[in-house]
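Just so it is clear, the model here is predicted, and its values are computed rather than measured. Each chain gets a letter, A, B and so on, in the order the sequences are listed, and its residues count up from 1. Side chains included, hydrogens not; waters and symmetry mates left out as well; all remaining heavy atoms used.
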Number of protein chains: 2
Amino acid sequence: MSVDEVQTAPRMKAADRRELILEAATAVFGAKSYVGTTTDEVAHAAGVSQPYVVRLFGTKAKLYIAVIERAYARIIGEFESALPGPVEERRRRMGAAYAGLLAERGMLPVIANSTALGGDPEIGPVARGGFASVWRFVRDEAGFTEEETRDFMASGMLINAVVGLRLVGAYGTEASVTEVLDACFPDAVNRVREFMPAADEPW
Amino acid sequence: MSVDEVQTAPRMKAADRRELILEAATAVFGAKSYVGTTTDEVAHAAGVSQPYVVRLFGTKAKLYIAVIERAYARIIGEFESALPGPVEERRRRMGAAYAGLLAERGMLPVIANSTALGGDPEIGPVARGGFASVWRFVRDEAGFTEEETRDFMASGMLINAVVGLRLVGAYGTEASVTEVLDACFPDAVNRVREFMPAADEPW
DNA sequence: CCAAGTTGTTATCGAATGATTACTTCGGAC
DNA sequence: GTCCGAAGTAATCATTCGATAACAACTTGG
C-alpha cells in the first residue's frame, strides 16, 4: 500500500449503491432536468463511474423513473406521518411536510419537472401515476373534499414553480417577488430561505 | 421552370420569418422542453434550414428567450382583453382566457417549463421576470387581493401540470384522474379535451 | 485457500447536436 | 438592365453523450 489513496469506490452492496445513486441522481436531475442531465454527472455526484450507473439501472430513462417513483413515495410517506392529530390542523401540517421536503436536494424539482414529461412514452405513465397517487391520498386518506384537494395540489404546484424559478434568492429585491413568497409560505418564509439556493447556484 | 417545386423557402422579410419561426419554436419547445429540442427540429417545423434559425437568433438560448418573452406577452395580452366587464366575473373570464391559450400549440407548456429554468444564468432572469410580470398584472391591473392572486396563480400552475402530464388523454379511465380534470376546468372539460393531445402524441 | 459471483473501472464507439463557413439566389433601387 | 444587399442553403466541424465491451479487484461460501 503506497501513499496514494484508493481510486476506486469502496465496495458496497449493490442495493446500497443503488440507493446512494438515486439520492445523487435526485439532486442532479432536480437541478438540471431530465434531458439536461448526463449520466456522467450523476455518476460523478454519486462517486462512481458513468458506465456503472448505466449498468445498475439499464438506461437513463429507467434511472429517472426510479428517481420519480422514489420521490413520490417519499412525499406520500411524509404526508402519512402528518396525518395524526386534529383534523383542522391537517392541511397546515401536510403543507409544512411538503415544504420540508425542500431540505432534500432535488426532491421538489424532480416532482415539478416530472409533470412536464407526460408526453414521453416511458416516463409519462409513471409521472401520471405518481401525481394521481398523491391526489388519491389527499382525497381519500387525508379526507379532503374535492375543492380542498384541488386547492392543496394547486398550492403545491405554485411552490414547485417558485422553487424552480429560484425566486427565493430574489426575496426583498422587488415588491411583487416578496409578495409571491409571503403568499406561498405564509408562516415559513425565513425557514424556507435557508433551504433554498440562490438564483444561479447549481444547487 | 420544370415540374419540380421550389425546394427553398419562399422569400420573406426577416421580421416575418422571425415571427413564423417563433411560432414553430413555441410548439416544439413546448412539446419537448428546452434541452430536449434541437434547433434542427425547430427549423423543420418552420420550413427553413437549421443554420438559418441559428443565424436569425444567434443562439439556441436566445431563441428560447424570445419564445418565453413572446409567450408571457401573449398571456398578459389575453388577460387585458378579459378585464372589461363586471368585476365579479373577472376571475372566471381570466381563467377562461388562460385555458383558451391551450389552443395555441406549446404556449402553456413553454410557460410551465420556463418555471423550471430559474437556475440557468441566461434564461433564469427572463423566466423570473415573466412570472413576476403576470403576478403584478393580476394584482395591480386586475385588482385581485393578495390571496386571490395566489389562488389564481396556483390554479394556473395546476393547469400547467395537468397539461404537461397529458392527463386529459386519460379522462374517464380512472376516478381520480377524471376528478382532477373536473376540478381544474369546472365548466370547460369537454372544450379543453378537444384542444389537448393524447398521452403519447408529440403534440 | 480458492473458485466463482459481485462490484467496479478504463477504453472506446456511434449517433446527435449547436455552430461556423462558404456559397447561391432573389428582389428592388436607380 | 444591372448591381448590391438581403434571404437562404449545403457542407462540415468539434463536442458531447449514452451505451457497450473487456477487464480488474474484492469477498465469500465450502
C:dT9 OP1/OP2 closer than 4.0 Å to side-chain N/O of A:Tyr52: no

Contact under 4.0 Å: A:Arg17 side-chain N or O vs C:dG8 OP1/OP2: yes

Whichever of A:Gly36 and A:Pro51 has its nearest DNA chain D nucleotide further upstream toward 5': A:Gly36

Side-chain donor/acceptor of A:Arg11 to base of D:dT27, under 3.5 Å: no

Check: A:Arg55 side chain, C:dG8 base, donor-acceptor under 3.5 Å: yes

Rounded to whole Å, how long is the line connecting atom [atom1] of [X] with atom [atom2] of [N]?
| X | N | atom1 | atom2 | value |
| --- | --- | --- | --- | --- |
| B:Met12 | C:dG27 | CE | P | 12 Å |
| B:Leu20 | D:dG8 | CG | P | 10 Å |
| B:Glu41 | C:dA16 | CD | P | 11 Å |
| B:Tyr64 | C:dG18 | OH | C1' | 17 Å |
| A:Leu63 | D:dG18 | CG | C1' | 12 Å |
| A:Asp40 | D:dT15 | CG | C1' | 14 Å |
| A:Gln50 | D:dA19 | CD | P | 8 Å |
| A:Phe57 | C:dG8 | CZ | C1' | 15 Å |

Aromatic plane relationship, A:Tyr64 with A:Phe29 - under 30° parallel, 30 to 60° tilted, over 60° perpendicular: perpendicular

Aromatic ring pairing A:Phe79/A:Tyr98, orientation class (parallel under 30°, perpendicular over 60°, tilted between): tilted

Short N-O contact, B:Arg128 and A:Glu174, less than 4.0 angstrom: no

salt_bridge(B:Arg150, B:Glu146) N-O dist < 4.0 Å: no

Axis bend over the full length of the helix from C:dC1-D:dG30 to C:dC30-D:dG1, computed from five pairs that close each end, to 10 degrees: 0°

Rounded distance (nearest 0.5 Å) linking atom CD of B:Glu41 with atom NZ of B:Lys32: 3.5 Å

Touch class at under 4.0 angstrom, heavy-atom based, for A:Thr38 against every strand present: sugar-phosphate

Selected nucleotide, minimal atom distance to B:Thr39 side chain, candidates C:dG18, D:dA7, C:dT21: C:dG18

Exercise: identify the closest heavy-atom pair between B:Leu63 and B:Val53: CD2-CG1, 4.0 Å

A:Val180 side chain reached by B:Phe131 side chain, heavy atoms, under 4.5 Å: yes

